[in-house]
Student: 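This is the structure, below, for whatever I ask next.
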Amino acid sequence: MIQNLRTEVKKLLKDKKVDIVLGWEKGSLPLSSSPLFIHKEEDVDRLIFDETCRNNLTTYLTKDKRKLGKTYDKIGIVVKGCDARSIVLYVVEQQIKRENVIIIGVPCNGVLEKKKILQKTENKEILESKIDGNNIHLKGRDFDLKFPLKDVLCDSCLTCRYPDAPVHNIFIGKPRKEVDIKDEFKNVIDFEKKSSEERWEYTKDEYARCIRCYACRNVCPACYCNECFVDQNDPQWIGKTPEVTDSIIFHLIRNLHVAGRCVDCGACVSACPVDLDLRIMNKKVEKEVKERFDYTAGLDIDEKPAMVSYCENEKQDFIMG
Amino acid sequence: MKNTYIPFQMKVKKIYTESPDRTLKTFDLSYINEEDKFDFLPGQFCEFSILGKGESPFGIASSPTEEDILKFTVNRTGSVTNEIHYLQEGDIVGIRGPLGNWYPVEKFKGQDVVIIGGGFAFTTLRSLLVYMLEHRKDYGKITVIYGARNSDLFIYKDEIEEWEKRDDLTLHLTIDNPVKGWNKLTGFVPTVVKEVSLDPTSWCVVCGPPIMIKYTLPVLTEIGFPDEKIYTSLERRMKCGIGKCGRCNIGSKYVCIDGPVFSYEEIKKIPEAL
Amino acid sequence: MIKIKKSEFNKFIENLQKNYSVFAPVTDGKATAFKKIKSSDDINNKVLNTKRSPKEIFFPQSEVLFQYTEKGMEVPKREEKPFAIWGMRNCDTKSLLLLDKVFGEAHQMPKKDMYKDPYWKEKYDNCLVFNLACNEPLSTCFCNWFDGGPFDKTGSDIFVVETDDSFIFEAVSDKGKKFLTDCKTTENESDKEIKKIEKLKETAESFLAEKEDISSLFSKTKEIWDEPIWDEIAAKCVNCGACTFVCPTCHCFDVSDEGKGNKGKRIRLWDSCMFAIFTKEASGHNPRSQSTQRVRQRVMHKYNYFMDNYDEHLCTGCGRCVVVCPTNLDIREVIKKILNYKNEE
Ligand SMILES: Cc1cc2nc3c(=O)[nH]c(=O)nc-3n(C[C@H](O)[C@H](O)[C@H](O)COP(=O)(O)OP(=O)(O)OC[C@H]3O[C@@H](n4cnc5c(N)ncnc54)[C@H](O)[C@@H]3O)c2cc1C
Ligand code: SF4
Ligand code: SF4
Ligand code: SF4
Ligand code: SF4
Ligand code: SF4
Ligand code: FES
């Protein structure tokens, strides 16, 4: 698979079909990868795709990185299913032109969640790791663990319905087709069953840890505003302190802004340095949007952005109630 | 130890509206407590507080010789400056200062000085000019070039009239484009600097919008001013004013404590200064 | 040298709490941080680098500078007891020395008092720092690049080594000496203990990756300031503030007023040079509007500008930023890239 991918990418660069290709390379930490910007053919050999390719690279197409879109007429980008859905979102929201990106789909079997791995090793450092088939083997100074890979995949991946890029120019390897997922909203349903005190306690404790570094926002493909509401000072919309009330307001507004646009790529979840459970609210909103509008973000490139006026006009009783 | 973050209170004594579009106002503040009075030199600045809104840095426009007041001219542009513009005479405001360094008036003694200013950035230049005029005997020839987009945008118009009458001071006023009724110079400051004949053995102080500074400094070099005799005042976003909050640096220099006054010689050593 | 059996650790902490507010590494929800502890049971001596750095004990993420009413301004009263911090690692104790340069004086000396940060000074000058040796450094630790080390004592009052059955204390500063003398525990300088410590130290140092020679980093960063290498370094950064917020040496903050009418407070909050609005001026002009300029600011500040002003690197090699960066922008690799960069000429 990886050889085919590299060959295709080399070809694209050689034929000048693209000016740059976004992919992943091996990271500097165990079980990590890092975004790779390929300009030259000789860099293609650094390209990888495996369970460590966590980042949603489409975020580089917008935001501060909008200059990427300006500097290059043709951008190639390697995408998992969720990543490709972010591109659909960009096209629908007219952030990029479809013809300016060459979408290279790769078959995704899910990516690793560092936090789950650290739970397994009880926060001990991994010094050696190996993935073979459906199992993962980890070694540290005083442990040697082997367990099924799916124990440490991202929650988003475990409930992912569309592992293949729904829109692509090239697809490398064998597509996995739509996966039949029954309990996509299990975390939300379980959460809803709790009493409102329990829900509040949980929410409060989670958001109390937020350090307002905005990594979640900055890696999120759906957050690409030039000036985010939290950064405005005249008027200043919300407090900038890490107090739990300020943080909750930040996250709730962000949730509303990405409502019907979040593709559940999990980028925010793994970016968060203090391991907040950001997914529960993302999924809650996604579930509401699905139930009320029968809409799933990022699947249909011809769809009008139906969600645009949604958060302003609709009843917002689902937030806390 | 005095808490350096706590402003002391001053009373708004007098407000002047400087421009007909009301975007520029000058505020004379008087001390409430004698012990708050501080020594400073032209070029220094203060943090001006409106409690509940925040703090903003402004160059001190009064001269140290005007002992009972502090004068600031404020351009209305954002949250704090908006609030400052709502002030009424008699209101109480907070001040922290004096902050930063100053124009090297000690070095100017006995020598000719050229002052070049643009727009509302004439504030600390007013301080310098008034200071030198108060100690007139200490200095040689004083030449002032002051430019504004149009004649409405000069600040301290009444004082300019007074200065024009003096024979111990050469004053060149210029506006960007000719208009009927304007019989002084026209053209951008850098061009005017080239046109009026300046003596490159003088000291020179330049203050104005960044773009003006950027284009004026090379002209001065062309005329023959050595880098170490050209001074200018730089601006960066600030918060603490005391070298801690980290945002006002240009390279390893912090505008709030290493500046705001820099010589052209120093500026050339820090990339991105202009 | 003083030895305290692990079984006596609880009592030791209890005694310490009589005169000090004791902070120590704790597991707080899913993350680790230095927090004020209720009892020694809260302490997690196993965690090497807490996710959040202990700088927040002295320089909290949000701190009230003063409250104001129509009557005037008032600094909130702080709790009476001085701080004791248990379990800091060398990279963190060193960071306190660096921060004290910024908050204690700033590099401009003439008007001293004005440049003293009273909030920092009050807490820092009265604290007692216990530096716990790192028996098992992580693969992300690179304190040795900056002449620190798992058993280095710089910046602490009392140096502590955890052995199999005890904690061994050694006074480093005068404050530390006084504390240990007052402890009234008998001194015991046994060869056995010294050997144990030597052994632990050796093992710990063997865990560290090879030391990189960074002596030319200062001149090199200056040289390449204008080179295109920065675009390459910065390309993947998404300009979140994670690296700077977890960093024990980053000191930047914003000041913001909260209040209505005559009542309110002025607070300071951590800020980061990675954020675009950090330097954005009212006119809209922004001297560091590009992501590349901001990444360069962070790297230059740590390895060049701070050196220029204080003759030290503003980095202790704790590796926190390496761990948290969502794009794996590894500062160690940035340093290596810079050191190995060949200018075109
Ligand atoms: C040394 C120095 C001297 C100055 N002298 C004058 C003067 O005499 N007259 C005048 O009108 N203006 C002066 N300025 C610019 C003035 O400080 C800003 O226009 C003002 O801070 C804008 O504040 P705001 O709250 O209205 O704008 P906002 O955009 O709402 O800014 C919010 C805050 O950011 C900071 N900030 C934003 N822009 C700047 C900036 N350009 N410089 C510094 N801090 C900034 C301030 O803390 C400000 O309160 C000076 C700036 C400096 C650095
Ligand atoms: S909110 Fe999180 S999961 Fe949703 S699109 Fe953004 S980064 Fe991905
Ligand atoms: S990444 Fe985590 S800590 Fe940072 S702002 Fe988002 S939720 Fe808060
Ligand atoms: S820059 Fe990184 S390694 Fe250096 S002190 Fe800060 S967090 Fe630690
Ligand atoms: S690296 Fe950035 S955030 Fe950290 S101290 Fe330097 S300027 Fe401030
Ligand atoms: S944590 Fe990484 S991505 Fe975020 S600002 Fe720092 S270097 Fe950039
Ligand atoms: S204004 Fe805070 S460091 Fe200069």
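Numbers restart at 1 for each chain; the letters A, B, ... are given by sequence-line order, proteins then strands.
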Student: Assess whether atom NZ of C/Lys123 is packed by more than 12 heavy atoms of other residues, nucleotides or ligands within 6.0 Å.
Tutor: yes

Student: Using 0.5 Å steps for rounding, measure from the CD1 atom of B/Ile242 to the NZ atom of C/Lys116.
Tutor: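 Spacing of CD1 (B/Ile242) from NZ (C/Lys116) equals 12.0 Å.
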
Student: Has B/Lys13 got more than 12 heavy atoms of other residues, nucleotides or ligands less than 6.0 Å from its NZ?
Tutor: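 Incorrect, the count does not exceed 12.
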
Student: Can you find a side-chain donor-acceptor pair between C/Asp117 and B/Tyr5 that sits under 3.5 Å?
Tutor: yes

Student: Provide the closest heavy-atom pair for B/Ser252 versus C/Asp308 in the form atom of the first, atom of the second, distance.
Tutor: OG-OD2, 2.8 Å

Student: Can you name the nearest heavy-atom pair linking C/Cys252 to B/Gly246, along with the distance?
Tutor: SG-CA, 3.6 Å

Student: So does C/Phe278 get a backbone contact from the side chain of B/Arg247, meaning a donor-acceptor N/O pair under 3.5 Å?
Tutor: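 Checking the backbone N and O of C/Phe278 against the side chain of B/Arg247, a donor-acceptor pair under 3.5 Å is found.
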
Student: Under 6.0 Å from the OH atom of B/Tyr215, do we count more than 12 heavy atoms belonging to anything else shown?
Tutor: no

Student: Please check if the number of heavy atoms outside B/Lys214 that lie under 6.0 Å from its NZ is greater than 12.
Tutor: no

Student: Examine whether an atom of C/Ile277 lies under 4.5 Å from a heavy atom of chain B, and if so say whether it belongs to the side chain, the backbone or both; otherwise answer neither.
Tutor: backbone

Student: Name the member of C/Pro287, C/Gly264, C/Ser283 that forms the most heavy-atom pairs with chain B at distances under 4.5 Å.
Tutor: C/Pro287

Student: For C/Tyr119 and B/Asn3, run side chain to side chain contact (heavy atoms under 4.5 Å, CB included): C-alpha distance rounded to whole Å, both residues' side-chain angles, the deciding distance at 0.1 Å, then the answer.
Tutor: CA-CA 9 Å; C/Tyr119 308 91; B/Asn3 185 321; 2.9 Å; yes

Student: Is the side chain of C/His251 donor-acceptor paired with the backbone N or O of B/Lys244 at a distance under 3.5 Å, no angle test?
Tutor: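 Yes, the answer is positive, given that a donor and an acceptor are paired below the 3.5 Å cut-off.
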
Student: How many angstroms lie between atom NE2 of C/His285 and atom CD of B/Glu235, to the nearest 0.5 angstrom?
Tutor: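 These two atoms lie 9.0 Å from each other.
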
Student: Look at B/Ile250, B/Ile6, B/Asn249 and state which one has the largest set of heavy-atom pairs under 4.5 Å with chain C.
Tutor: B/Asn249

Student: What part of C/His301 gets closer than 4.5 Å to chain B, counting heavy atoms only: side chain, backbone, both or neither?
Tutor: side chain

Student: To the nearest 0.5 Å, how far apart are OG1 in C/Thr279 and CE in B/Met238?
Tutor: 13.0 Å

Student: Give a yes or no answer on whether the side chain of C/Asp257 reaches the backbone of B/Gly54 with a donor-acceptor pair at less than 3.5 Å.
Tutor: yes

Student: Which heavy atom of C/Ala282 sits nearest to which heavy atom of B/Thr77, and what is that distance?
Tutor: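 What the structure gives for the nearest pair is CB-OG1, 3.1 Å.
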
Student: Would the number of heavy atoms belonging to other residues, nucleotides or ligands and lying under 6.0 Å from NZ of C/Lys263 be above 12?
Tutor: no

Student: How long is the straight-line distance from SG of B/Cys240 back to OH of C/Tyr115, given to the nearest 0.5 Å?
Tutor: 9.5 Å

Student: Might you confirm whether atom NZ of C/Lys81 has over 12 heavy atoms from other residues, nucleotides or ligands at distances under 6.0 Å?
Tutor: yes

Student: Is there a side-chain contact between B/Leu51 and C/Met73 in this structure, where contact means two heavy atoms from C-beta onward sitting under 4.5 Å apart?
Tutor: yes

Student: Under 4.5 Å from any heavy atom of chain B, what part of C/Asp254 do you find: side chain, backbone, both or neither?
Tutor: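 Contact with chain B involves both backbone and side-chain atoms of C/Asp254.
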
Student: Checking side-chain hydrogen bond (donor to acceptor under 3.5 Å, both in side chains) for the pair C/Asn309/B/Tyr254: CA distance, chi angles, key distance, verdict?
Tutor: CA-CA 10 Å; C/Asn309 291 329; B/Tyr254 285 75; 5.4 Å; no

Student: Does CD belonging to B/Glu67 count more than 12 external heavy atoms closer than 6.0 Å?
Tutor: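 Open.
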
Student: Sort out for me which of B/Cys248, B/Gly241, B/Ser49 touches chain C most, counting heavy-atom pairs under 4.5 Å.
Tutor: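 Winner by heavy-atom pair count: B/Ser49.
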
Student: Go through B/Pro7, B/Pro210, B/Gly52 and name the one with the most non-hydrogen pairs under 4.5 angstrom from chain C.
Tutor: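 Looking at each option in turn, the highest pair count goes to B/Gly52.
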
Student: Using a strict 4.0 Å threshold on nitrogen-to-oxygen distance, state whether C/Arg296 and B/Glu272 make a salt bridge.
Tutor: yes

Student: Heavy-atom cut-off 4.5 Å, strictly under: side chain, backbone, both or neither for C/Phe253 against chain B?
Tutor: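 Backbone plus side chain of C/Phe253, per the 4.5 Å heavy-atom cut-off to chain B.
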
Student: Would you say that more than 12 heavy atoms from the other residues, nucleotides or ligands in this model lie under 6.0 Å from the CD of B/Glu35, or not?
Tutor: yes

Student: Judged by atom type as modelled, is there a donor-acceptor pair below 3.5 Å linking the side chain of B/Thr4 to the main-chain atoms of C/Met114?
Tutor: yes

